[in-house]
K.L.:
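Take this structure, written in structure tokens, and hold onto it; I'll ask about it next.
Since the model is a prediction, treat every value here as computed from it, not as a measurement.
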Amino acid sequence: MTDALILPRALVQDLFHHAQSSPEAEVCGLIAGCNGQQLRPLRIRNTAIDPGQRFHMDEAEQASALKAIREAGETLFAIYHSHPSAPAIPSVTDLEEVGYPDVWQLIISLNTKGVLELRAWRLAEGKVSESLLRIIED
């Protein structure tokens, strides 16, 4: 495991809320930030053919979000998505299709009734490393 990733509780709650709003399909989005601070989620519609098993970000929404991030002087901090019926571990597809290896990959699992799980990963050059996750008050 790498160093701990620190996330504000309000951000984590927003990600959980987004995942719970679509318990049968994966949700996805980007997280913008400035020097790892002032993190804000940008929800993007999942246009995958089988959204219950994978995600594919709407290309126009993703391009618009990335443009907004640049124009705000922010950087892409993380990509997040949910797994409605699987653990918060990168799938084979997640590993094969990682488009931004330098950003965090956050996965939310709804796999266990009543318990939400969030895990942080780095996916680069075919290697996966998990980071400890610390949630702090805002």
K.L.:
Would you call R54 and E26 a salt bridge, taking side-chain N to carboxylate O under 4.0 Å as the test?
P.N.:
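A salt bridge is absent here (no side-chain N lies under 4.0 Å from a carboxylate O).
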K.L.:
Between R43 and D58, does at least one N-O distance fall below 4.0 Å, as a salt bridge requires?
P.N.:
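Looking at R43 and D58, the cut-off is not met.
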K.L.:
Is the shortest side-chain heavy-atom distance between I89 and I107 below 4.5 Å?
P.N.:
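No; the side chains remain at least 4.5 Å from each other.
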K.L.:
Does V103 belong to the same Ile/Leu/Val/Met/Phe/Trp/Tyr cluster as I44, with side-chain heavy atoms less than 4.5 Å apart forming each link?
P.N.:
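In one cluster with V103: I44, yes.
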K.L.:
So does I49 have more than 12 non-hydrogen atoms from other groups sitting under 6.0 Å from CD1?
P.N.:
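It does not: I49 CD1 has 12 such atoms or fewer within range.
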K.L.:
Going by the rule side-chain contact (heavy atoms from CB on, under 4.5 Å), which residues pair with E74 if we only count those two or more places apart in sequence or in a different chain?
P.N.:
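Counting only residues at least two positions away or on another chain, E74 forms a side-chain contact (heavy atoms from CB on, under 4.5 Å) with A32, R40, I69, A72.
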K.L.:
When rounded to the nearest 0.5 angstrom, what is the spacing between CD in Q13 and CG in L118?
P.N.:
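Answer rounded to 0.5 Å: 12.0 Å.
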K.L.:
Could you tell me whether R9 atom CZ has more than 12 heavy atoms of other residues or ligands within 6.0 Å of it?
P.N.:
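More than 12 within 6.0 Å, yes.
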K.L.:
What distance do R45 atom CZ and C28 atom SG have between them, rounded to the nearest 0.5 Å?
P.N.:
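It is 9.5 Å, given to the nearest 0.5 Å.
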K.L.:
Consider only side-chain N and O atoms of H81 and D94, and report whether a donor and an acceptor are under 3.5 Å apart.
P.N.:
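Yes, a side-chain donor-acceptor pair sits under 3.5 Å.
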K.L.:
Rounded to the nearest 0.5 Å, what's the gap from CD on E71 to CG on L66? Could you check?
P.N.:
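Taking CD in E71 and CG in L66, the distance rounds to 11.0 Å.
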K.L.:
Over all heavy atoms of both residues, which pair between A65 and L30 is shortest? Give the atoms and the distance, please.
P.N.:
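Shortest heavy-atom contact: CB-CD1, 3.9 Å.
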K.L.:
Is any side-chain heavy atom of I6 closer than 4.5 Å to a side-chain heavy atom of I135?
P.N.:
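No, every pair of side-chain atoms sits at 4.5 Å or beyond.
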K.L.:
Heavy atoms, side chains only, cut-off 4.5 Å: are F77 and L5 in contact?
P.N.:
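SC-SC contact between F77 and L5 confirmed.
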K.L.:
Quick one: pull up OG in S82 and CG in L116 and give me the separation to the nearest 0.5 Å.
P.N.:
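One gets 10.0 Å once the value is rounded to the nearest 0.5 Å.
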K.L.:
So, for V128 and P90, which heavy atoms are closest and what is the spacing to 0.1 Å?
P.N.:
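V128 and P90 have their closest heavy atoms at CG1-CG, 4.1 Å.
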K.L.:
Might you point out which heavy atoms bring P23 and P84 nearest each other, and give the distance in Å?
P.N.:
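Answer, listing the atom of P23 first, then P84: O-CB, 3.2 Å.
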K.L.:
Once rounded to the nearest 0.5 Å, what's the spacing between atom CD1 of I79 and atom CH2 of W104?
P.N.:
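Rounded to the nearest 0.5 Å, the CD1-CH2 separation comes to 13.5 Å.
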K.L.:
Under a 4.5 Å side-chain heavy-atom rule over Ile, Leu, Val, Met, Phe, Trp and Tyr, are L133 and L15 clustered together?
P.N.:
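As far as the 4.5 Å side-chain criterion goes, L15 and L133 are connected within one cluster.
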K.L.:
Parallel, tilted or perpendicular: which one describes the rings of H18 and Y80, with boundaries at 30° and 60°?
P.N.:
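Aromatic pair H18/Y80 classed perpendicular.
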K.L.:
Mind listing the closest non-hydrogen atom pair of S109 and A86 along with its distance?
P.N.:
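Scanning both residues, the minimum pair turns out to be OG-O, 2.7 Å.
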K.L.:
What pairs with H56 under ring pair (Phe, Tyr, Trp, His ring centres under 6.0 Å), at least two apart in sequence or on another chain?
P.N.:
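Listed in chain order: nothing, the list is empty.
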K.L.:
If I take atom CG from residue L76 and atom CD from residue Q62, how far apart are they, to the nearest 0.5 angstrom?
P.N.:
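Taking CG in L76 and CD in Q62, the distance rounds to 8.5 Å.
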K.L.:
Determine, stepwise, if the pair L106 / I31 fulfils side chain to side chain contact (heavy atoms under 4.5 Å, CB included).
P.N.:
CA-CA 10 Å; L106 304 178; I31 298 175; 3.5 Å; yes
